[in-house]
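Start at 1 and go down the list; that is how both ligands and their atoms are numbered. What's counted below: heavy atoms across the whole structure, side chains too, no hydrogens, waters or symmetry copies.
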Amino acid sequence: MDTTTAAPAPAEALPRHTRVLVIGAGFGGLGMAIKLDEQGEQDFLVIERGPDVGGTWRDNTYPGAACDVPSQLYSFSFAPNPEWSRSFSPQPEIQAYLERVASESEVLDRFRFDTSVEAATWDEEHRRWEVATSAGTVTADVVVSAAGALSDPKMPDIDGVEDFQGKVFHSARWDHSYDLAGKRVAVIGTGASAIQIVPEIAEQAAHLDVYQRTAPWVMPRRDRPYTRLERLAFRHVPGVQRAYRTAIYWGRETFVPAFTVNPRIAAPAKKAALGNIRKGISDPSLRARVTPTFEIGCKRILISNDWYPALDREDVELVTDAIEKITGNAVVTRDGVEREVDALVVATGFHTTDLPIAEKIIGRHGERLADQWAREGMSAYKGATTHGFPNLFFIVGPNTGLGHSSMVFMIESQIAYVLDALRTMDRQGIASVEPKPRAQEHWNRDIQRRMRRTVWAAGGCSSWYLDSHGRNVTLWPRATFTFRRLTRSFDVEKYDVTTPSPTTTKVARTA
Ligand SMILES: Cc1cc2nc3c(=O)[nH]c(=O)nc-3n(C[C@H](O)[C@H](O)[C@H](O)COP(=O)(O)OP(=O)(O)OC[C@H]3O[C@@H](n4cnc5c(N)ncnc54)[C@H](O)[C@@H]3O)c2cc1C
């Protein structure tokens with residue numbers, strides 16, 4: 001054999017096979033990688049289309065970007081950060097935190113950045129996934145999709161938007177090279193991102209038009225910098241930071257009954273939000289137009305102290321007439337008014353109920369997950385696994401989203417479930433697991449039954465939580481500690497399993 005030609009593979013080359021392939025390097029993918037490593041599972045690979053870890057926090061760099069769940073809770077339980085500067089950290093701090101956690105965890109050697117997963121196809125004969133990426137193909141026993149539920153920006157479906165000759169960008173793909181100073185700018189949308197962006201760019205733009213379809217509920221933002229003493233205590237006094245986190249967790253959990261049992265419990269929140277309008281806006285007709293007409297909580301409750309004052313500015317116009325079309329240089333509303341603009345900031349959210357990653361996953365029957373979900377509605381067992389798709393796990397899968405607390409809590413619950421699934425597979429010599437259709441059906445029937453009485457279903461609004469059939473396929477309708485309990489261990493009895501060797505395979509599938 002001529003060894004002189006056998007050059008070592010470049011460090012970045014993909015292996016031919018890995019035990020666990022993780023898609024995405026946000027909180028979900030990074031947390032999964034760290035915990036796999038901790039469990040002694042070294043054979044994994046994280047494929048990330050972006051240039052770094054961070055996901056949401058790498059991509060959403062718009063002016064004013066910050067979390068709306070206090071950072072003490074919106075961070076990994078296993079990596080507390082005594083350096084948070086304030087209760088709701090700005091995006092650069094969260095991104096720096098994730099980068100630091102990643103580099104200190106020593107798992108980055110198994111990450112492949114600037115590489116996207118293009119297709120993942122289940123190979124029933126070999127009981128593994130064949131994953132085509134932009135850097136080549138790799139096989140994997142298990143795929144964990146942590147591709148994010150708010151990671152693919154959704155452009156608005158407005159006539160003529162593609163003909164606009166000025167600058168257009170989505171809030172999640174901010175173009176920092178474009179200077180808004182002195183420009184006429186339109187912001188489309190009044191959701192969580194828009195209410196952070198508008199007060200910031202109102203300061204720069206010559207004029208700002210804000211296009212609102214539905215007025216959101218906006219509560220005061222109880223944000224403040226941490227004092228030096230607090231930060232010293234976080235660093236040096238054992239238990240202080242944990243106590244803050246616990247207090248925030250339980251404080252947030254008290255919102256659950258208002259969402260899921262009786263919206264009247266949210267009366268104090270509603271009062272605070274109405275007070276926020278009165279405090280921020282002097283003009284009675286503007287006050288009326290920003291007052292929501294649906295139950296608080298039906299859409300995501302937003303928090304801001306400067307949203308209403310921004311709308312009250314002379315150089316900001318709130319436009320509530322529906323947009324009819326966009327021309328080369330203007331936005332035209334149904335009442336026929338044409339407002340010229342230089343730049344359009346599109347803050348219209350993400351593909352949440354039609355996850356793009358589902359289009360790339362092809363299961364045991366040769367069907368794309370997106371097609372199965374289009375037919376049956378987006379669903380999974382425990383938000384993690386789906387029948388027809390063996391050894392595929394989701395982090396932040398269907399019905400795991402929250403309107404009140406930290407997604408990192410849900411992410412850590414789901415990571416624990418995957419880890420226990422892997423341990424179970426090892427222990428019992430299992431090659432593949434796939435939830436029994438009955439278990440998945442039962443899980444989802446229970447969720448949809450609980451949904452009926454929630455504020456999201458009965459609160460008189462339509463929101464991005466709902467799919468095209470009006471089903472809430474995004475949110476978890478119970479306490480988060482219940483989700484944690486239900487995902488603590490892998491319930492193999494709810495799964496069809498197969499044993500490893502294709503030649504001696506015993507298939508234990510039941511209909
Ligand atoms: C502006 C904004 C603010 C938010 N604030 C909060 C908050 O305060 N509190 C809260 O709890 N939640 C918040 N969220 C929700 C937030 O998305 C989650 O908390 C969390 O960051 C999700 O982490 P993730 O790893 O599941 O997904 P993401 O962070 O979205 O990461 C997914 C990763 O997968 C990658 N990816 C996707 N498809 C592919 C592919 N085909 N191939 C390779 N890589 C792929 C993406 O590039 C991305 O890096 C916010 C969301 C947004 C958009």
**Q** Please say whether the positively charged group of R423, taken as NZ for Lys or CZ for Arg, lies over the ring of F490, i.e. under 6.0 angstrom from the six-membered ring centre and within 45 degrees of the axis.
**A**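 Ring-cation test returns no.
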**Q** For ligand 1 and D68, I'd like to know whether there is a polar contact (N/O to N/O, distance under 3.5 Å).
**A**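 Checking ligand 1 against D68, an N or O pair does fall under 3.5 Å apart.
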**Q** Tell me, please, which residues at least two apart from R100 pass salt bridge (charged side-chain N to carboxylate O under 4.0 Å, His left out).
**A**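 R100 satisfies salt bridge (charged side-chain N to carboxylate O under 4.0 Å, His left out) with E104 only.
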**Q** Which of the atoms in ligand 1, numbered in the order shown and given with their element, are less than 4.0 Å from a heavy-atom of V396?
**A**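 That gives atoms 26 (O) of ligand 1.
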**Q** Any nitrogen or oxygen of S406 lying under 3.5 Å from a nitrogen or oxygen in ligand 1? Just yes or no.
**A**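 No, there is no polar N/O contact under 3.5 Å.
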**Q** Among all protein non-hydrogen atoms, which one is nearest to atom 27 (O) of ligand 1, and what is the separation to 0.1 Å?
**A**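 Nearest neighbour among protein heavy atoms for atom 27 (O) of ligand 1, to 0.1 Å: G148 CA, 3.2 Å.
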**Q** Under 4.0 Å from a heavy atom of W57: give me the atoms of ligand 1 that qualify, with their elements.
**A**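 Listed by number with element, the hits are 3 (C), 4 (C), 5 (N), 6 (C), 21 (O).
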**Q** Which residue from F27, F113, Y74 reaches closest to atom 9 (N) of ligand 1 through any of its heavy atoms?
**A**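 Minimum heavy-atom distance to atom 9 (N) of ligand 1 goes to Y74.
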**Q** Got a salt bridge between D59 and R49, using NZ or NE/NH1/NH2 to carboxylate O under 4.0 Å?
**A**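 Looking at R49 together with D59, the answer is no, because their closest N to O distance does not fall below 4.0 Å.
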**Q** Between R58 and E99, is the closest basic N to carboxylate O distance under 4.0 Å?
**A**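 Here E99 does not pair with R58 in a salt bridge, since their nearest N and O are not under 4.0 Å apart.
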**Q** Would you call T115 a ligand 1 contact, heavy-atom distance under 4.0 Å?
**A**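 For ligand 1, residue contact (heavy atoms, under 4.0 Å) with T115 is present.
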**Q** Suppose I only count heavy atoms of S151 and a 4.0 Å limit; which atoms of ligand 1 are within that range?
**A**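 This gives 30 (O) as the contact atoms.
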**Q** Against M32, only a single residue in L30, I34, L36 fulfils side chain to side chain contact (heavy atoms under 4.5 Å, CB included); can you say which?
**A**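 Testing each of L30, I34, L36 against M32, the sole residue satisfying side chain to side chain contact (heavy atoms under 4.5 Å, CB included) is L36.
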**Q** Are T214 and C461 packed together at the side-chain level, in the sense that at least one heavy-atom pair is separated by less than 4.5 angstrom?
**A**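 T214 does not reach C461 side chain to side chain.
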**Q** Where do D141 and H17 land on the side-chain hydrogen bond (donor to acceptor under 3.5 Å, both in side chains) test, with the steps shown first?
**A** CA-CA 8 Å; D141 295 338; H17 181 80; 3.1 Å; yes
**Q** Under 4.0 Å from any heavy atom of V69, which atoms of ligand 1 are there?
**A**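 By the 4.0 Å cutoff, the relevant atoms are 8 (O), 9 (N).
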**Q** Taking side chain as C-beta onward, heavy atoms only, is L274 less than 4.5 Å from N276?
**A**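 No, too far: nothing below the 4.5 Å cut-off.
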**Q** Heavy atoms only: which of T56, I357, T352, V131 lies closest to atom 22 (C) of ligand 1?
**A**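 Nearest option to atom 22 (C) of ligand 1, by heavy atoms: T56.
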**Q** Salt bridge check, E83 against R231: does any charged N sit closer than 4.0 Å to a carboxylate O?
**A**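 Answer for the salt bridge query: yes.
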**Q** Under 4.0 Å from any heavy atom of G26, which atoms of ligand 1 are there?
**A**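 Numbered from 1, ligand 1 contributes 25 (O), 29 (O), 31 (O).
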**Q** Provide the number and element of each atom of ligand 1 under 4.0 Å from a heavy atom of I47.
**A**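 The atoms of ligand 1 under 4.0 Å from a heavy atom of I47 are 43 (C), 44 (N).
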**Q** Evaluate the ring pair (Phe, Tyr, Trp, His ring centres under 6.0 Å) criterion for residues W476 and W456: first the C-alpha distance (whole Å), next the side-chain angles of each, then the deciding distance (0.1 Å), finally the verdict.
**A** CA-CA 11 Å; W476 172 243; W456 310 307; over 10 Å; no
**Q** Tell me the protein heavy atom at minimum distance from atom 34 (O) of ligand 1, and give that distance in Å.
**A**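 Going by distance alone, atom 34 (O) of ligand 1 is nearest to G24 CA, 3.2 Å.
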**Q** Taking the ring of Y244 and the ring of W84, is the distance between their centroids below 6.0 Å?
**A**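 Ring-ring flag for W84/Y244: false, centres at least 6.0 Å apart.
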**Q** I'd like to know if K360 contacts ligand 1, where contact means a heavy-atom distance under 4.0 Å to any ligand atom.
**A**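 True for this residue.
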**Q** Check whether any side-chain heavy atom of H404 sits under 4.5 Å from a side-chain heavy atom of T480, and report yes or no.
**A**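 H404 reaches T480 side chain to side chain.
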**Q** Test your reading of the structure: does V117 have an N or O sitting under 3.5 Å from an N or O of ligand 1?
**A**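 Right, the criterion is met.
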**Q** Please identify which atoms of ligand 1 are closer than 4.0 Å to at least one heavy atom of L150.
**A**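 The list of qualifying atoms is 15 (C), 51 (C).
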**Q** Using a plain distance cutoff, I'd like to know if M407 has any nitrogen or oxygen under 3.5 Å from a nitrogen or oxygen of ligand 1.
**A**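 Between M407 and ligand 1, an N or O pair is found under 3.5 Å apart.
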**Q** Which heavy atom of the protein is the closest neighbour of atom 35 (C) of ligand 1, given with residue, atom name and distance?
**A**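 Protein heavy atom at minimum distance: E48 OE1, 3.4 Å.
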**Q** Is R58 near ligand 1, meaning one of its heavy atoms is under 4.0 Å from it?
**A**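 It does, in that a heavy atom of R58 comes within the 4.0 Å cut-off of ligand 1.
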**Q** Measure from atom 32 (C) of ligand 1 to every heavy atom in G28, A146, S405, G55 and give the option owning the shortest one.
**A**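 Heavy atom nearest to atom 32 (C) of ligand 1 belongs to A146.
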**Q** Sequence neighbours left out, what passes salt bridge (charged side-chain N to carboxylate O under 4.0 Å, His left out) with R222? Give chain and number order.
**A**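 Not a single residue meets the salt bridge (charged side-chain N to carboxylate O under 4.0 Å, His left out) criterion with R222.
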**Q** Going by the order shown, which atoms of ligand 1 are within less than 4.0 Å of some heavy atom of C67?
**A**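 Reading through ligand 1 atom by atom, the close ones are 8 (O).
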**Q** For ligand 1, find out whether one of its N or O atoms is nearer than 3.5 Å to an N or O atom of R49.
**A**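 By distance alone, the answer is yes.
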**Q** Is it true that the side chains of T385 and Y495 contain a donor and an acceptor less than 3.5 Å apart?
**A**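 Y495 and T385 do have a side-chain donor-acceptor pair below 3.5 Å.
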**Q** Around atom 1 (C) of ligand 1, find the nearest protein heavy atom and jot down its residue, atom name and distance.
**A**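 Ranked first by proximity to atom 1 (C) of ligand 1 is Y62 OH, 3.5 Å.
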